[in-house]
Every structure is written in structure tokens, then in C-alpha cells.
Amino acid sequence: MHTGDWPKTAEEARAVQERLRDLVDLTDDLPALPPTVTGLDVAYDESDGIAAAVVTLETAGLTVVEARTHRAKAVFPYEPGLFAFRELPPLLAALEGLAHTPDVLVCDGHGLAHPRRFGLACHLGVLTGLPAFGVGKTRFVGTHDEPEQARGSSAPLADAGEEVGAVLRTQDGVKPVYVSAGHRIGLAHACRLTLALTPRYRLPETTRQADRLSRAALR
DNA sequence: GCGACAG
DNA sequence: ATCTTGTCGC
């Protein structure tokens, strides 16, 4: 579906981000608790082989509704800030295989918490037109205070004077995650959904399921 | 100039 | 991302 016009150089990729960033819509029309949540992740092997997985869960109960995987060869090298150009192709292919349109995408990476405010979650949201937000495991940009130790506590993530996300504690005393809006959803809503997806573990159940499936698909 | 740097 | 032994705790 995206064969042909994919950036070849870092310069071209950054230009694409600068051009698409204006298409990000932060209007939030998503129900407080959408019927389903769809997680995405990509696994890699030692020779440019990659496997993407998308898993849709019922929001209440977190049971799997459907899942899809897609294997491919990496077409773009990893570079901080341009990460989406590496994972987007297989992720989009996997998404196209779903029988049901996702209500919201939960990405393994950042959205607005990006140097040019256009991380994977924004890119995926703009290209699919679907609501999307990011839940990163580590900080990429910005500074923040340490959130309180209780699950649900959070601290603003600021970069260059802008609030680009939140550092959210999903379990008592565990390392917090980095939540940021991607497209068609607000930060507060993204944080509430993240908590709904982490009743037991640090990472969202969507990410855990997608991670497991992508690794399995790689072999 | 010197670090930092999503996955 | 992925590579890895042991270790602490429920």
C-alpha cells in the first residue's frame, strides 16, 4: 500500500514529518471507554527480518478479539526520531488485515513527545485516520519530576516549554511509563486508558499481547 | 565542543 | 530492538 514513495534518507524522512505534523488533530471525540483497544508492536531478528503484530482487545475484560501479524524486511535503519519509518510499513500491513476497524491504537513508542512533535503514534494516527496515543518505556525528549510512588500518579513531561506528555506510574513503586497523545485523543484520556490497560503489569496489556505475538511471528 | 538519543 | 546469569520476592 505504501510501495514507492517512502523516504530514502534521513533528510527526506524529516521533511515528511515536518509536512505531516500539521495534520495531527488533537480533538478528542473518543468515548470515555471505547469498546476495544488495539495494541501494536514489532520484533526484530539479527538480519533485518521484522515481524509486526496488532492485537485488538475488548476494553472491559481485556480479552483478545482479533489479531494479525505481518513479516517483512526492514526498509529503513533505526535512527532516534525517525523510528516510525522503520516500523510503519509492517504495522500498516498488519492493520490492513484486521476485520474490524480499531477504536483506538496504543503504540509502543511516543506521540507528541518527539523532537518534531511527530512520533510513531502521531504518524500512525495521521496515516490511518484513527485515534492513537503512545506509551513509551523510556524517555526520549523532555524533563519531568518523579511521580509519587502510587499507581495512577503522574508528572508532566515538558520539552522546550511545551507539555508534550505525562510520566505515569502504572503500578505501585515501579518505573513509570511515558504517555503522549498521537492523534484524535487528549493526554488525560490517554492516561486514563493506559491505567485501564494496566490492572496488573507495568505495560499495557495491548503492548504485552502484541509483543508476544510479534516475537512468535518472527520464528 | 560534549552528551543524549523512542525501538 | 536483541544478547544473557544470576538473584530477589511473592
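In what follows, chains are A, B, ... by sequence order, proteins preceding strands, each numbered from 1. Scope of the values below: all heavy atoms of this structure, side chains included, with no hydrogens, waters or symmetry mates.
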Mark yes or no for whether His183(A), through its side chain, and Val24(A), through its backbone, hold a donor-acceptor pair below 3.5 Å.
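It does not hold such a pair.
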Between His114(A) (side chain only) and Gly81(A) (backbone N and O only), is there a donor and an acceptor less than 3.5 Å apart?
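Answer holds: yes.
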On the 0 to 90° scale, with breaks at 30° and 60°, tag the Tyr178(A)-His144(A) ring pair as parallel, tilted or perpendicular.
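Because their plane-to-plane angle is over 60°, the rings of Tyr178(A) and His144(A) count as perpendicular.
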Using a 4.5 Å cut-off on heavy atoms from C-beta on, say whether the side chain of [Y] contacts that of [X].
X         : Y         : result
His189(A) : Leu30(A)  : yes
Leu193(A) : Ile185(A) : yes
Val55(A)  : Thr38(A)  : no

Atom CG of Asp48(A) and atom P of dA1(C): how far apart are they, to the nearest Å?
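To the nearest whole Å, that distance equals 17 Å.
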Rounded to whole angstroms, how far apart are CZ on Arg215(A) and P on dA1(C)?
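Result: 7 Å.
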Which stems does DNA chain B form, counting runs of 3 or more consecutive Watson-Crick or G-U wobble pairs with both distances under 3.5 Å?
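Stem list for DNA chain B: empty.
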Can you name the one residue among Asp28(A), Asp29(A), Thr27(A), Leu23(A) that meets side chain to side chain contact (heavy atoms under 4.5 Å, CB included) with Asp25(A)?
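For Asp25(A), the side chain to side chain contact (heavy atoms under 4.5 Å, CB included) check succeeds only for Thr27(A).
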Ring-ring centroid check Trp6(A) Phe85(A), cutoff 6.0 Å
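Yes: the rings meet the under 6.0 Å criterion.
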Contact pattern, 5' to 3', of nucleotides 4-10 of chain C - B, S or - by protein heavy atom under 4.0 Å:
-------
Per-nucleotide protein contact string for nucleotides 2-7 of chain B (B base, S sugar-phosphate only, - none; heavy atom under 4.0 Å)
--SSBB
